[in-house]
Number of protein chains: 2
Amino acid sequence: MQPYILIVEDEPDIVELLKYNLEAADYEVGIARDGDEAEISVAERQPDAILLDWMLPGVSGIELCRRIRRRPETRMLPIIMLTARGEETDRLRGLDSGADDYVTKPFSPAEVIARLRAVLRRALPSTAVETLEYEDIMLDLAGHRVERAGRNIHLGPTEFRLLRHLMEHPGRVYSREQLLDAVWGRDIYVEARTVDVHIRRLRKALNEGDAADLIRTVRSAGYALDKAG
Amino acid sequence: MQPYILIVEDEPDIVELLKYNLEAADYEVGIARDGDEAEISVAERQPDAILLDWMLPGVSGIELCRRIRRRPETRMLPIIMLTARGEETDRLRGLDSGADDYVTKPFSPAEVIARLRAVLRRALPSTAVETLEYEDIMLDLAGHRVERAGRNIHLGPTEFRLLRHLMEHPGRVYSREQLLDAVWGRDIYVEARTVDVHIRRLRKALNEGDAADLIRTVRSAGYALDKAG
DNA sequence: CACATCCATGCAAATCTGGTTGATCCTTGG
DNA sequence: CCAAGGATCAACCAGATTTGCATGGATGTG
């Protein structure tokens with residue numbers, strides 16, 4: 001999936017220039033013509049980086065930058081300022097207001113793209129593997145949340161760990177003993193049959209409504225996460 | 001604790017200039033005169049950022065930059081290139097080789113420090129943002145104030161830090177131990193159950209009136225800031 | 001000293017967990 | 001094809017944990 005870049009700029013020529021070059025460099029591009037449009041756009045779909053004009057009608061670029069920094073979910077969003085001014089004090093204000101970098105007009109598209117790459121290189125890893133997905137199940141490790149088809153699902157601690165383990169290798173069959181080791185702990189003694197009970201609970205929670213059962217029972221072997229038997 | 005900055009530069013005058021200004025700006029400063037010294041120094045004590053001369057005796061700046069990027073533990077280390085060259089292609093090579101930013105000589109110390117701050121802000125998440133927002137909660141770091149839906153909320157110091165920590169990563173679950181570390185301090189001993197008490201106070205203060213509870217309890221895991229359970 | 005804040009603790013309620021049991025399903029042998 | 005036997009499922013229960021909440025004493029500050 002290509003990084004999605006939001007351009008916030010009111011001069012159509014510059015928008016065109018950037019859009020053309022960014023798309024040629026295989027980025028996805030969104031446009032906002034002023035600060036308000038930009039805020040709405042960011043709320044709708046969070047970009048991977050923003051190219052932000054310093055001089056905007058309405059809300060100034062510097063103010064928009066501050067607003068974006070204020071919300072935790074966009075605090076780390078890389079912002080590159082586009083500015084016509086070359087004076088040092090202004091550049092400093094730009095950086096201090098929270099921009100990650102700036103480019104002075106007139107700029108070459110190649111330079112913008114190089115800076116974009118530099119800035120994305122730092123930002124992307126933060127979208128680390130904190131979620132597991134399988135089919136329409138989404139499991140958020142950091143938030144201890146599970147969703148199925150967008151709907152929130154509540155699981156107890158043991159069911160959560162069980163699902164997590166299954167989702168780490170979808171399609172693989174785990175014996176009751178393996179599951180006990182991995183989910184309950186290596187030297188805990190519980191009945192193997194107990195796994196059945198928790199599998200059942202997990203199924204019940206996941207299939208709430210009338211969704212398809214994604215847990216496959218393998219007779220005399222164990223269980224696996226995949227569709228249909 | 002002040003950020004520790006490593007200067008990699010062979011010209012004594014420039015080293016002096018930077019060292020003086022950085023220390024005046026309350027940074028801790030280390031010096032390396034060439035690439036090898038720099039590598040050893042980084043291995044001994046990892047800096048929070050590196051100011052790196054492009055032209056070095058021995059290993060070139062660009063090569064050192066690549067080496068640093070190669071090791072996982074220093075991959076994210078912010079690097080600012082100091083370069084005498086102004087031509088665009090060289091600047092691009094610098095950014096592409098993995099530098100986070102560059103400054104062309106002759107540079108003003110103020111600009112270097114501004115860029116350093118920008119680069120550290122990204123690396124040390126907590127710097128430089130003065131307000132946080134989540135849903136209708138607004139937390140003003142500088143003023144130690146909290147508002148919910150425009151209404152002022154009074155919190156004690158511990159509750160304030162607790163809320164602040166939760167607001168820095170909404171949706172993420174923190175265990176009692178993590179919260180004790182982050183909010184109380186790394187080597188303070190208090191009962192883990194005490195966290196419950198403060199969570200309760202925080203809830204009580206935030207939900208004054210009949211606002212929705214935004215703190216989610218995750219059984220056997222901890223607490224998170226988000227809506228719905 | 002008065003006030004604000006913090007921490008430990010005890011109890012009750014909520015929730016989770018592991019086990020039991022009978023019904024049901026599947027496999028296999030005749 | 002049918003029946004027997006083993007394995008799995010579903011509902012329920014009781015004990016164990018965990019959390020919520022109230023309180024009282026401790027600590028610090030002006």
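Letters go in sequence order (proteins before strands), and every chain restarts at 1.
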Exercise. What residues form a side chain to side chain donor-acceptor pair (under 3.5 Å) with B:R145, not counting sequence neighbours?
Worked result: B:N152

Problem set entry | Whole-Å gap separating C1' (D:dT8) and CZ (A:R216) | 16 Å

Seminar exercise, completed: With sequence neighbours left out, the residues meeting salt bridge (Lys or Arg N to Asp or Glu O under 4.0 Å) with A:D36 are none

Exercise. Sequence neighbours excluded, which residues qualify as salt bridge (Lys or Arg N to Asp or Glu O under 4.0 Å) partners of A:R200?
Worked result: none

Problem set entry | Passing candidate, side-chain contact (heavy atoms from CB on, under 4.5 Å) with A:R216, options A:L214, A:V218, A:D213 | A:V218

For this session: Encode nucleotides 19-30 of chain D as B, S and - characters from 5' to 3', where the letter depends on protein heavy atoms closer than 4.0 Å: B to the base, S only to sugar-phosphate, - to neither.
Result: BBBB--------

Problem set entry | Which residue lies more 5' along DNA chain C, comparing A:T194 with B:V190 via nearest heavy atoms | B:V190

Exercise. What does the inter-axis angle of the helix from C:dC1-D:dG30 to C:dG30-D:dC1 come out as, five pairs per end, nearest 10 degrees?
Worked result: 40°

For this session: Apply side chain to side chain donor-acceptor pair (under 3.5 Å) to A:R193 and list each qualifying residue two or more places apart in sequence or on a separate chain.
Result: none

For this session: Applying salt bridge (Lys or Arg N to Asp or Glu O under 4.0 Å), name anything that partners A:E37, two or more places apart in sequence or on another chain.
Result: none

Exercise. Can you list the residues that meet the ring-ring contact (aromatic ring centres under 6.0 Å, His included) rule with A:Y174, with sequence neighbours excluded?
Worked result: A:H165

Problem set entry | B:E23: side chain to side chain donor-acceptor pair (under 3.5 Å) partners, not counting sequence neighbours | B:K19

Exercise. Quick one: how far along DNA chain C does chain A reach, first to last nucleotide 5' to 3', anything under 4.0 Å to a heavy atom?
Worked result: C:dC16 to C:dT27

For this session: Take the protein atom NE2 of A:H198 and the nucleotide atom C1' of D:dC9, then report the distance between them rounded to whole Å.
Result: 15 Å

Seminar exercise, completed: Hits for ring-ring contact (aromatic ring centres under 6.0 Å, His included) against B:F160, two or more places apart or cross-chain, chain-then-number order -> B:H144

Problem set entry | By salt bridge (Lys or Arg N to Asp or Glu O under 4.0 Å) - contacts of B:E147 (at least two apart) | none

